[in-house]
Amino acid sequence: LVRQYKKYSILIIAFIFFTGIIGTRPLIPLLATELDANAAQVGIIVALYPLLPFFLAIKVGQFVDRIGHKKPIVFSTLVGALAILLPFCFPTMISILLSQVLAGIAHTVFAVSAQTFASSGSSHKSRDNSIMIFSIGVALGGFLGPMLGGVFADIWDYPGAFGMLSGFIIVSTVLALFLDPTFTTN
């Protein structure tokens, strides 16, 4: 049972993390517009999310290879939660800009680290199966997150939705603390 949990832990953590972080994607332009951003400003804000990851992804991969997957997974979930919490605590254009830069970096560090964890098996079949499990978590989170974000925004408001989604990500941080850094997916 413990081995099965370890095997599926990355699915659970990825699902929760991506539910929170991707759940904000449709909310970013809506909150920015509510704060009087024009269309060009909204475009710039949305474009900030992948900007630094575009330049840092290879270095992040090299860093994760050097130090292992657990610390970057924990770090990225914590940074992601704090990034998404910013518009809840400070619903301003500056906090949205900073939130998007930090969330994009957290997303990239998490994805690279979690893929490293998932591919840590020695057999080809084991790696394929683990990458599939990780991908299911990502896909489920990417599907459920925007729906929950919209529901939360309807129930509360845009900043309230960011607060709730940040809480989801904190759960993934807590779960990531229990990842076994020596576990391989064989």
Side-chain angles (χ1 to χ4, degrees), residues 1-31 46 49-50 53 57 60-61 64 69-85 87-88 99-100 102-121 124-156 158 160-181 183-186:
L1 187 62
V2 171
R3 180 144 179 84
Q4 286 301 98
Y5 169 74
K6 287 180 179 180
K7 181 178 180 180
Y8 291 101
S9 61
I10 200 63
L11 180 150
I12 296 164
I13 293 167
F15 167 64
I16 296 169
F17 176 78
F18 282 106
T19 296
I21 207 128
I22 300 300
T24 65
R25 302 310 301 145
L27 302 178
I28 293 297
L30 297 170
L31 178 58
V46 171
Y49 187 84
V60 168
V64 170
H69 59 265
K70 182 176 178 174
K71 288 178 184 176
I73 289 173
V74 172
F75 174 78
S76 63
T77 58
L78 185 59
V79 169
L82 294 174
I84 300 308
L85 192 61
F88 170 73
S99 169
Q100 290 309 281
L102 292 173
I105 292 169
H107 179 151
T108 300
V109 172
F110 180 86
V112 169
S113 304
Q115 287 171 348
T116 300
F117 174 81
S119 64
S120 64
H124 182 70
K125 182 179 179 184
S126 174
R127 281 192 303 272
D128 286 351
N129 188 45
S130 296
I131 292 291
M132 178 197 64
I133 288 168
F134 166 69
S135 298
I136 290 169
V138 172
L140 289 173
F143 174 74
L144 185 61
M147 286 194 310
L148 282 179
V151 169
F152 293 158
D154 274 347
I155 293 172
W156 295 288
Y158 299 129
F162 279 89
M164 291 297 296
L165 292 167
S166 177
F168 271 74
I169 301 171
I170 286 293
V171 172
S172 71
T173 303
V174 172
L175 293 174
L177 290 171
F178 295 100
L179 281 175
D180 180 354
F183 179 72
T184 61
T185 57
N186 289 333

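Worth saying up front: this structure is predicted, and the values here are computed from it rather than measured.
With sequence neighbours excluded, no residue forms a ring pair (Phe, Tyr, Trp, His ring centres under 6.0 Å) with Phe162. Legend: residues meeting side chain to side chain donor-acceptor pair (under 3.5 Å) with Ser172, ordered by chain and number and at least two apart, are absent. Applying the side chain to side chain donor-acceptor pair (under 3.5 Å) rule to Thr108 yields no partners; only residues at least two apart in sequence or on another chain are considered. Partners of Phe15 under the ring pair (Phe, Tyr, Trp, His ring centres under 6.0 Å) rule, at least two apart in sequence or in another chain, do not exist in this structure.
Here the closest non-hydrogen pair linking Ala161 and Gly149 is CB-O, 3.8 Å. Contact between Ala14 and Phe110 at its shortest, heavy atoms only, is CA-CZ, 3.7 Å. The nearest pair of heavy atoms linking Ile10 to Ala114 is CD1-CB, 3.7 Å. Minimum interatomic distance between Ser166 and Ala81 (heavy atoms only, all atoms of both residues): OG-O, 2.7 Å. Looking at every heavy atom in both residues, Tyr158 comes nearest to Ala153 through CD2-CB, 3.7 Å. Nearest heavy atoms, Leu148 versus Thr19: CD1-CG2, 3.8 Å.
Side-chain contact check for Phe75 versus Ser113: every heavy-atom pair is 4.5 Å or farther apart. The shortest side-chain heavy-atom distance between Leu31 and Pro87 falls under the 4.5 Å cut-off.
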Could you give me the CA-CA distance, side-chain angles and deciding distance for Val79 and Val109, then say whether side-chain contact (heavy atoms from CB on, under 4.5 Å) is met?
CA-CA 10 Å; Val79 169; Val109 172; over 6 Å; no

Between Phe88 and Trp156, does the side-chain contact (heavy atoms from CB on, under 4.5 Å) criterion hold? Intermediate values first, please.
CA-CA 11 Å; Phe88 170 73; Trp156 295 288; over 6 Å; no

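Between the CD1 atom in Ile170 and the CZ atom in Phe17 there is a gap of 11.0 Å [rounded to 0.5 Å]. In this structure, CG on Leu102 lies 11.5 Å from OH on Tyr49, to the nearest 0.5 angstrom.
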Could you list the donor-acceptor pairs under 3.5 angstrom formed between side-chain atoms of residues 133-140 and any protein atom two or more places apart in sequence or on another chain?
unit_1, atom_1, unit_2, atom_2, d
Ser135, OG, Ile131, O, 2.8

Just list the side-chain donor-acceptor pairs under 3.5 Å for residues 21-30, sequence neighbours left out, or say none.
unit_1, atom_1, unit_2, atom_2, d
Thr24, OG1, Ile21, O, 2.8
Arg25, NH1, Gln100, OE1, 2.3

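The side chain to side chain contact (heavy atoms under 4.5 Å, CB included) with Leu175 is formed by just one residue from the set Ile73, Val74, Ile12, Thr77; it is Ile12.
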